[in-house]
Amino acid sequence: MLMERLILVAMWLFGFVGLILFIPRKNRRKGLFAFMMFQAIIWLCDMPAFKYGLLSAPVREFPKATDLALTINYFFYPALFSIFYVHKKVKGSLWSSFTYFFVWISIITLFDIVIERYTDLLEYGLLTWYGMWIYIGFLFYVSRVCCNWFFKDYTLFHGEQT
């Protein structure tokens, strides 16, 4: 139980510190929007995942299953996504953006697998590790597309006006 509490506290601390240190002041609005967009997408995707048994969180006294869901789904992973989104390279090559995306997805999946395997905070139902990798990749991709649509460059869509 002590290890699980420490993990939850560490996720909150690293999330706050990451948001403050790794998102520059000029990009705070973009980071906050990316944070909220990821929360919305993960909320919509977690409802069927828990309903159909792909993921489950065991119920116990403390930390409860709701503590982990609040920490991971509604704070820690959105904080990581906002850092990911703010620091993406706009004019990088296609290969470097794919590599950047897959490295982030792989690290987050590895973190999630370690939590599932070595603690009692989370249990995968029918989902395997590569299923979780695909799931997190899907969440990041959809959130990124929505954020890119919101922060689109208007000069690309409007011709020169005379």
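- One distance of note links CG of Asn27 with CZ of Phe22; it measures 14.5 Å at 0.5 Å rounding.
- Listed by first and then second residue, the side-chain hydrogen bond (donor to acceptor under 3.5 Å, both in side chains) pairs involving residues 6-23 are Trp12-Thr71 (not counting sequence neighbours).
- In terms of the side chain to side chain donor-acceptor pair (under 3.5 Å) criterion, Thr119 has no residue partners (sequence neighbours excluded).
- With sequence neighbours excluded, the residues satisfying side chain to side chain contact (heavy atoms under 4.5 Å, CB included) with Leu94 are Ser97, Phe98.
- Contacts of Ser96 classified as side chain to side chain donor-acceptor pair (under 3.5 Å), with partners at least two apart in sequence or in another chain: Ser93.
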*List the steps and the verdict of side chain to side chain contact (heavy atoms under 4.5 Å, CB included) for Ile115 and Met11.*
CA-CA 11 Å; Ile115 286 177; Met11 282 193 278; 4.2 Å; yes
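- Distance check, rounded to the nearest 0.5 Å: NE2 of His87 to CD1 of Ile23 gives 6.5 Å.
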*Evaluate the side chain to side chain contact (heavy atoms under 4.5 Å, CB included) criterion for residues Val145 and Trp149: first the C-alpha distance (whole Å), next the side-chain angles of each, then the deciding distance (0.1 Å), finally the verdict.*
CA-CA 6 Å; Val145 166; Trp149 178 78; 5.6 Å; no
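- The cluster map of Ile, Leu, Val, Met, Phe, Trp and Tyr, joined by side-chain heavy atoms under 4.5 Å apart, puts Ile72 and Leu110 in different clusters.
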*Stepwise, does the side chain to side chain contact (heavy atoms under 4.5 Å, CB included) test hold for Trp104 with Lys88?*
CA-CA 11 Å; Trp104 271 86; Lys88 69 178 174 53; over 6 Å; no
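- The aromatic rings of Phe81 and Phe84 sit tilted relative to each other, their planes meeting at an angle between 30° and 60°.
- Annotation for Leu13: hydrophobic cluster partners, listed by chain and number, are Val9 (ILVMFWY side-chain heavy atoms under 4.5 Å, direct or chained).
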*Could you go step by step and tell me if Met132 and Ile113 meet the side chain to side chain contact (heavy atoms under 4.5 Å, CB included) rule?*
CA-CA 8 Å; Met132 195 63 183; Ile113 290 167; 5.5 Å; no
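- The side-chain hydrogen bond (donor to acceptor under 3.5 Å, both in side chains) pairs that include a residue from residues 14-24 number zero, where partners must be two or more places apart or lie in different chains.
- In the hydrophobic cluster analysis, where Ile, Leu, Val, Met, Phe, Trp and Tyr join through side-chain heavy atoms closer than 4.5 angstrom, Tyr100 is grouped apart from Trp95.
- At a threshold of 4.5 Å between non-hydrogen side-chain atoms, the residues Phe111 and Phe76 count as touching.
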Please output the side-chain donor-acceptor pairs of residues 29-47 that fall under 3.5 Å, not counting sequence neighbours, one pair per line with the distance.
residue : atom : partner : partner atom : Å
Gln39   : NE2  : Tyr74   : O            : 2.4
Asp46   : OD1  : Tyr135  : OH           : 2.3
Asp46   : OD2  : Asn73   : ND2          : 2.5

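- Here the straight-line distance linking atom CZ of Phe14 with atom CG of Leu21 works out to 11.5 Å at 0.5 Å rounding.
- To the nearest 0.5 angstrom, Leu80 atom CG is 10.0 Å from Ile136 atom CD1.
- Here Val103 pairs with Thr99, Ile107 under the side chain to side chain contact (heavy atoms under 4.5 Å, CB included) rule; sequence neighbours left out.
- With sequence neighbours excluded, the residues that form a ring-ring contact (aromatic ring centres under 6.0 Å, His included) with Phe102 are Trp133.
- To the nearest 0.5 angstrom, Leu139 atom CG is 10.0 Å from Ile108 atom CD1.
- Taking Ile, Leu, Val, Met, Phe, Trp and Tyr as members and joining any whose side-chain heavy atoms lie under 4.5 Å apart, directly or through other members, Ile20 forms no hydrophobic cluster with any other residue.
- The CD1 atom of Ile7 sits 12.0 Å away from atom OH of Tyr118, with the distance rounded to the nearest 0.5 Å.
- Members clustered with Tyr52: none, using a 4.5 Å side-chain heavy-atom cutoff among hydrophobic residues.
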